[in-house]
Every structure is written in structure tokens, then in C-alpha cells.
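Single-structure report; data block below.
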Amino acid sequence: KDRLKQKSAAIPSAPSTPAIKHRLWPEIDRITLEQLHYARLEVGTGSWQLFAEDGDMRMYRREEEADGLVVDPLKACHVVKGVTGHEVCKIFFSPEYRSGWEATLEDMTVVENISNDTLVFLQTHKRIWPASQRDALFWSHIRKVPDEQDVEAQDLWIVCNQSTEHPEYPANTGKCVRIYLTVCLVCQTLVNPPKENEEINREDITCKITYCSVVNPGGWAPAAVLRAVYKREYPKFLKRFTNFCIDQCKDKPIEF
Ligand code: 6CM
């Protein structure tokens, strides 16, 4: 009985978002929690191959193919000073910031506003020669996910992006090939206790970031070109994104 109690205590309590009434909610809730679990597993040794390293940033991939297409899972870890997990996740989730950090983006539309923590996006990405241009249709959900069994992981946030379908935006009808993605960003805030009678300032906070992604290119894309693009673009993305967060937050009050 005690073991059962402990187990259920580890599951974040059900969120009170109005999104729970949406037809996609069971999938959103399940995939978000699955991705949270997956992101928090240690990379360890074995199947993950380190392919990029810069300061505190480490990027790993596993070479995998499905129906002849490259679908290499990627896992990246980074540590960024001066920002909270909530701030970083909010910037990753919110449409108003996207063009400021997403270098592969050509266009972005919110096609459904499910609630203030759950949106459906249609994005077109810049064409990469010699393949066709790609688009992506995905729901995106942001949530605070404290782990009641880990005192260190109370300030824990996730954004989960998952491809979906929408009758008004069918795949592969125009010039774009639709890509299919499962992406998550998990952020944990660590705080150095401030000196007595002093307020916490940005030097006292650190954000531990985990980013996981699996992208299926959806149609023909030469494997070697795609792997070379990922090797170049993912480190560029994480550095650009985290620098953007630091810059956006530096003159604002800390948002826990
Ligand atoms: O996670 C990232 N961005 C999010 C917000 O935009 C979202 C989107 C992910 C889509 C990423 C796909 C971009 C690459 C498309 C290339 C398709 C293959 C073309 C064939 C080439 C031969 O989750 C950051 C994504 C950073 C990507 C580098």
C-alpha cells in the first residue's frame, strides 16, 4: 500500500487547464508525461553518441532509420545562468518570441488556441537543397511538473510539441512535405541561497535544460545531407535559443 502511495505521489497532480475538455487532451497529457520521463533519464553510456560539445552544452544522437528515412533521436543537455526554467519554457512555447530564435523558420501560424497553455501551430521551414520544403503541424503544451519525490526538482517545467492532424490543414497538398516531430524541453531551476537579508538576484539562479527531439522528414531527404544539417543546426539552435532567453530576461524581474 505504501509503495502505491509513493508511486502516485510522484505523478504531477492533474492540471486545472481548460484544455482538459479538448478532444486532444488524453493524448496531450499522456505524451507530455511520457516525454518528461524520457527526458529525465540519464544519457548514460551505450547507445547515445556524443556529437557536439561546447561549454556546458552536450548533444547526443542515436542513428536510426524508419522506412529508409533518417529519424535519429536527439538528446541535449545544457546549463544556463541567470534564467529560470519557467522563463525558458515560456519563451520556447510562446508564438511572439519564435521568430527571434528559430532560425529554420519561414512562417508560423497559430491554427488553434486551445487554452493559454496549449496551442496548435502550423510552421513552414526554410527549404534545404536538394530536398523539398517542409512544414509541420503540431500541438504545443507548457506545464509546471514538480516531482514530489525529489526536493531538488520542485521548480520543473516542460514544453512538449507533438505532430497532429487538422482537417483544414491536410499534409502534402502544396509545395511542402509534412514532417512529423516529437520534441520536449524540460527545465529545472537551481537557486544558490542568497546571503542573509539579501534578495535572490539573477546571479544566484541556474537553469538545467534537457531538449529531446525525434523528427521524421516525412519524405525523401538524402540521409547524409540530413545528418550534416542536424549536426550543424541543433547546436546552433540551442546556443541561439539560450542566448535569446538570457537577453530577453536580463532586465526583467525574475519569474519563478
Ligand atoms: O524544437 C525546435 N523548434 C520548435 C519550434 O519551432 C519545434 C519545431 C521543430 C521542427 C524542427 C525541424 C526543422 C528542420 C527541418 C528540416 C527538414 C528536412 C529537410 C531535408 C534536408 C535534406 O519543435 C528547434 C528545432 C531546431 C532544429 C535544428
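Note that the numbering runs from 1 along the sequence shown for the chain. Start at 1 and go down the list; that is how both ligands and their atoms are numbered.
- Residues K126 and E106 are not paired through a salt bridge, judged by the lack of any N-O separation under 4.0 Å between the basic side chain and the carboxylate.
- Between E27 and R30 there is no salt bridge, since no side-chain N of the basic residue sits under 4.0 Å from a carboxylate O of the acidic one.
- When heavy-atom distances to ligand 1 are checked against a 4.0 Å cut-off, K236 has no atom that comes that close, whether in backbone or side chain.
- The heavy atom nearest to atom 18 (C) of ligand 1, out of those in I128, L226, D135, is found in L226.
- Residue-ligand proximity, I179 to ligand 1, at heavy-atom distances under 4.0 Å covers atoms 12 (C).
- Ligand 1 lies less than 4.0 angstrom from a heavy atom belonging to F92.
- Using a 4.0 Å cut-off between charged nitrogen and carboxylate oxygen, K81 and D56 do not count as a salt-bridge pair.
- Of the protein's heavy atoms, H125 CE1, 4.2 Å lies nearest to atom 11 (C) of ligand 1.
- Counting only non-hydrogen atoms, the option in L181, V70, V159 that gets closest to atom 10 (C) of ligand 1 is L181.
- The distance criterion of under 3.5 Å between nitrogen or oxygen atoms is met by E102 with respect to ligand 1.
- Ligand 1 places these atoms under 4.0 Å from at least one heavy atom of A131: 20 (C), 22 (C).
- Side-chain contact annotation: D135 with T124, donor-acceptor N/O pair under 3.5 Å absent.
- No N or O atom of T104 sits closer than 3.5 Å to an N or O atom of ligand 1.
- The residues E87 and K252 are annotated as not salt-bridged, no charged nitrogen and carboxylate oxygen being separated by less than 4.0 angstrom.
- If you run side-chain hydrogen bond (donor to acceptor under 3.5 Å, both in side chains) between T104 and each of Q123, K236, H125, only H125 comes through.
- Paired with R40 under the rule side-chain contact (heavy atoms from CB on, under 4.5 Å), one option of V145, D150, I158, T210 passes, and it is D150.
- For the pair N161 and ligand 1, the shortest N or O to N or O distance falls below 3.5 Å.
- For ligand 1, the polar-atom distance check against Y211 finds a nitrogen or oxygen pair separated by under 3.5 Å.
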